[in-house]
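Data first, discussion second: the structure below is written as structure tokens.
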Amino acid sequence: MKKKSFLLKAAALLVFGICALIPAAAQQYPADTAFYPSVYGAFSELYPNARYLSIDFYNNTYTLTGITGRAGLLAISYDLTVKLNQNRQIEFSYNNIYQRDANNRWTRINAFGMYRYNNAINAIRTKMMEIANNSSLFERFERAAMADIIFVNEIMKDFTDLAFTDFINNYAKGSVFNITGHISEVSEYNRELNGTRYSYQVTLSVNLSSPSDAYLSGIAPNIRCRFYTNNDNVIRLSRNSELSVQGTLVGATRMTGGVSLQLVDSR
């Protein structure tokens, strides 16, 4: 019996050792598991100052700028594309490497030099797999991703009308956004929306750009929000004043140059 027990333990340790030695690149992302929560969670934790340059949501491809690190004593930054391929393996590719010089300016370079790129992508892949295989982490970042108006807008900006409608109805609707914008109008509404009657409609223009370092190129657009509330305090608000709201997304429409979101007061 002791010999049998020893052999079973040895076999278990051998299997564990083999699994531990499987390269991260060879591991498959779990079947029937959405990719975006793991992408959003990994980069939020490891590179919180990076920004999304493009998102192909339905083809599981994300490109970010402002992935930073150090090559010896020098700071570097680059663009990184992460993709889930047809075999459900996570692929990475990079572009546009920059190095900060002695005068604090970013200069384009052709190679990473002393920067350990493989270590960086292995850490990202490991974090993604951790999120995908942990239900509480996955659900946390699933909610956080769909409540991030910058992330959601980046997903939607190049959609066709059909893809836009599908995304709103199946992913974004019901998300709670915390936004701050400038008021363009406050008007009486006195109609029912999403099962509740609201007295007022506040129209907000929200600028999605944020302060960033020089390597973070591009300025995010404004997005229009129609916010519905029964809070009488909005009567006293004036145009161009700033207002912070917490609203649940109940609908969205396309407009020239962007989208208009319908939010109901969730406070």
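All figures in this text were calculated on a predicted structure; none of them were measured in a lab.
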Of all heavy-atom pairs linking Val264 and Tyr198, the shortest is CB-OH, 3.3 Å
Under the side chain to side chain contact (heavy atoms under 4.5 Å, CB included) criterion, do Tyr78 and Gln99 qualify, and how do the steps go?
CA-CA 9 Å; Tyr78 57 99; Gln99 180 175 282; over 6 Å; no
| said: Under a 3.5 Å distance rule, please check whether Gln246 uses its side chain to pair with a backbone N or O of Phe177 as donor and acceptor. | reply: no
Polar side-chain atom of Thr126 near backbone of Asn122 as donor-acceptor pair, under 3.5 Å:
yes
**Prompt:** Would you find more than 12 non-hydrogen atoms of other residues, nucleotides or ligands less than 6.0 Å from Arg267 atom CZ?
**Reply:** yes
Neighbour count above 12 (heavy atom, 6.0 Å) for Glu192 CD:
yes
Interatomic distance, OH@Tyr52 vs CZ@Phe151, rounded to 0.5 Å, equals 5.0 Å
**Message:** Can you confirm whether the side chains of Asn96 and Asp79 place a donor and an acceptor under 3.5 Å from each other?
**Reply:** yes
- Message: Has Thr203 got a side-chain atom pairing as donor or acceptor with Ser184's backbone, closer than 3.5 angstrom?
- Response: no
- Task: Return yes when atom CZ of Arg116 has more than 12 non-hydrogen atoms of other residues, nucleotides or ligands closer than 6.0 Å, and no otherwise.
- Result: no
query: Would a 4.5 Å heavy-atom cut-off, applied to side chains only, mark Ile90 and Lys83 as touching?
result: no
Do Val245 and Val202 have side-chain heavy atoms sitting under 4.5 Å apart?
no
Is the number of heavy atoms from other residues, nucleotides or ligands within 6.0 Å of CG (Asn110) greater than 12? no
Rounded to the nearest 0.5 Å, the CD1 atom of Ile131 sits from the CE atom of Met129 at a distance of 11.0 Å
Atom pairs and distances, side-chain donor-acceptor, residues 159-173, under 3.5 Å, sequence neighbours left out:
unit_1	atom_1	unit_2	atom_2	d
Thr160	OG1	Ala163	N	3.2
Thr165	OG1	Asp161	O	3.1
Asp166	OD1	Asn170	ND2	2.8
Asp166	OD2	Tyr58	OH	2.5
Asn169	OD1	Lys173	NZ	3.3
Asn169	ND2	Thr165	O	3.3
Asn170	ND2	Asp166	O	3.0

Here the pair of heavy atoms bringing Arg100 nearest to Leu74 is O-CD2, 3.9 Å
Test side chain to side chain donor-acceptor pair (under 3.5 Å), reference Thr81, set Asn95, Thr63, Asp56, output is Thr63
Problem set entry | Hphob cluster co-occupancy, Leu137 + Leu84, side-chain heavy atoms under 4.5 angstrom | yes
| message | Working note: Ile223 + Ile149, criterion side chain to side chain contact (heavy atoms under 4.5 Å, CB included); need CA distance, chi angles, decisive distance, verdict. | response | CA-CA 9 Å; Ile223 192 167; Ile149 196 168; 4.0 Å; yes
Decide whether Asp265 and Thr229 meet the rule of one side-chain donor and one side-chain acceptor closer than 3.5 Å.
yes
Nearest heavy-atom approach of Ala111 to Ile109 is O-CD1, 3.2 Å
message: Could you tell me if Arg226 and Ser260 have a donor-acceptor pair between their side chains, going purely by distance under 3.5 Å?
response: yes
Val250, Val234: one ILVMFWY side-chain cluster at the under-4.5 Å cut-off? no
Could you go step by step and tell me if Asn153 and Val259 meet the side chain to side chain contact (heavy atoms under 4.5 Å, CB included) rule?
CA-CA 8 Å; Asn153 186 67; Val259 298; 4.1 Å; yes
* Asked: When the aromatic ring centroids of Tyr62 and Phe57 are compared, is their separation below 6.0 Å?
  -> no
Value for CG (Leu263) from CG (Leu249), rounded to nearest 0.5 Å, stands at 6.0 Å
Do the side chains of Tyr47 and Ile76 join up, straight or via other hydrophobic residues, at under 4.5 Å, putting them in one cluster? yes
Ser238 meets the side-chain hydrogen bond (donor to acceptor under 3.5 Å, both in side chains) criterion, sequence neighbours left out, with none
Closest non-hydrogen contact found for Pro30 with Asn133 is CG-OD1, 3.6 Å
Could you tell me if Asn190 and Arg197 have a donor-acceptor pair between their side chains, going purely by distance under 3.5 Å? no
| said: Within the structure provided, determine whether Leu243 and Leu204 are in side-chain contact (heavy-atom separation under 4.5 Å). | reply: yes
So ring pair (Phe, Tyr, Trp, His ring centres under 6.0 Å) across residues 236-264, not counting sequence neighbours, yields none
Value for OG1 (Thr61) from CG (Asn85), rounded to nearest 0.5 Å, stands at 10.0 Å
Notebook entry, point to check: Between Tyr29 and Ser38, does a side chain to side chain donor-acceptor pair (under 3.5 Å) hold up when you go through it step by step?
Noted result: CA-CA 10 Å; Tyr29 193 82; Ser38 297; 2.6 Å; yes
Give a yes or no on whether the backbone of Ala144 and the side-chain of Asp148 come within a donor-acceptor separation of less than 3.5 Å. no
Check: Would a line drawn from the ring center of Tyr117 to the ring center of Tyr94 be shorter than 6.0 Å?
Finding: yes
- prompt: Can you tell if the side chain of Glu130 reaches within under 4.5 Å of the side chain of Phe138, non-hydrogen atoms only?
  reply: no
Practice problem: Evaluate the side-chain proximity of Ile150 to Arg51: yes if any heavy-atom separation is below 4.5 Å, no if none is. | Solution: yes
Does any non-hydrogen side-chain atom of Gln201 lie less than 4.5 Å from one of Phe227?
no
The residue among Asn230, Asn233, Asp232 that forms side chain to side chain donor-acceptor pair (under 3.5 Å) with Tyr200 is Asp232
Quick one: does any side-chain atom of Asn134 pair with a main-chain N or O of Ser136 as donor and acceptor, under 3.5 Å? yes
_Is the shortest side-chain heavy-atom distance between Tyr40 and Glu142 below 4.5 Å?_
no
Between Tyr115 and Ala120 the two heavy atoms that sit nearest each other are OH-CB, 3.1 Å
The reported gap from OG1 in Thr253 to CZ in Arg224 (rounded to nearest 0.5 angstrom) is 8.0 Å
Do Ile179 and Leu193 sit in the same hydrophobic cluster, where Ile, Leu, Val, Met, Phe, Trp and Tyr count as joined when their side-chain heavy atoms come under 4.5 Å apart? no
Smallest heavy-atom separation, Ser54 atom then Glu154 atom, equals CA-OE2, 3.7 Å
(message) With heavy-atom distances below 4.5 Å as the criterion, would you say the side chains of Arg125 and Phe92 are in contact?
(response) yes
Rounding to 0.5 Å, atoms OG (Ser135) and CZ (Arg140) come to a distance of 13.0 Å
Derivation of the side chain to side chain contact (heavy atoms under 4.5 Å, CB included) call for Ile124 and Val82:
CA-CA 10 Å; Ile124 296 169; Val82 54; 5.7 Å; no
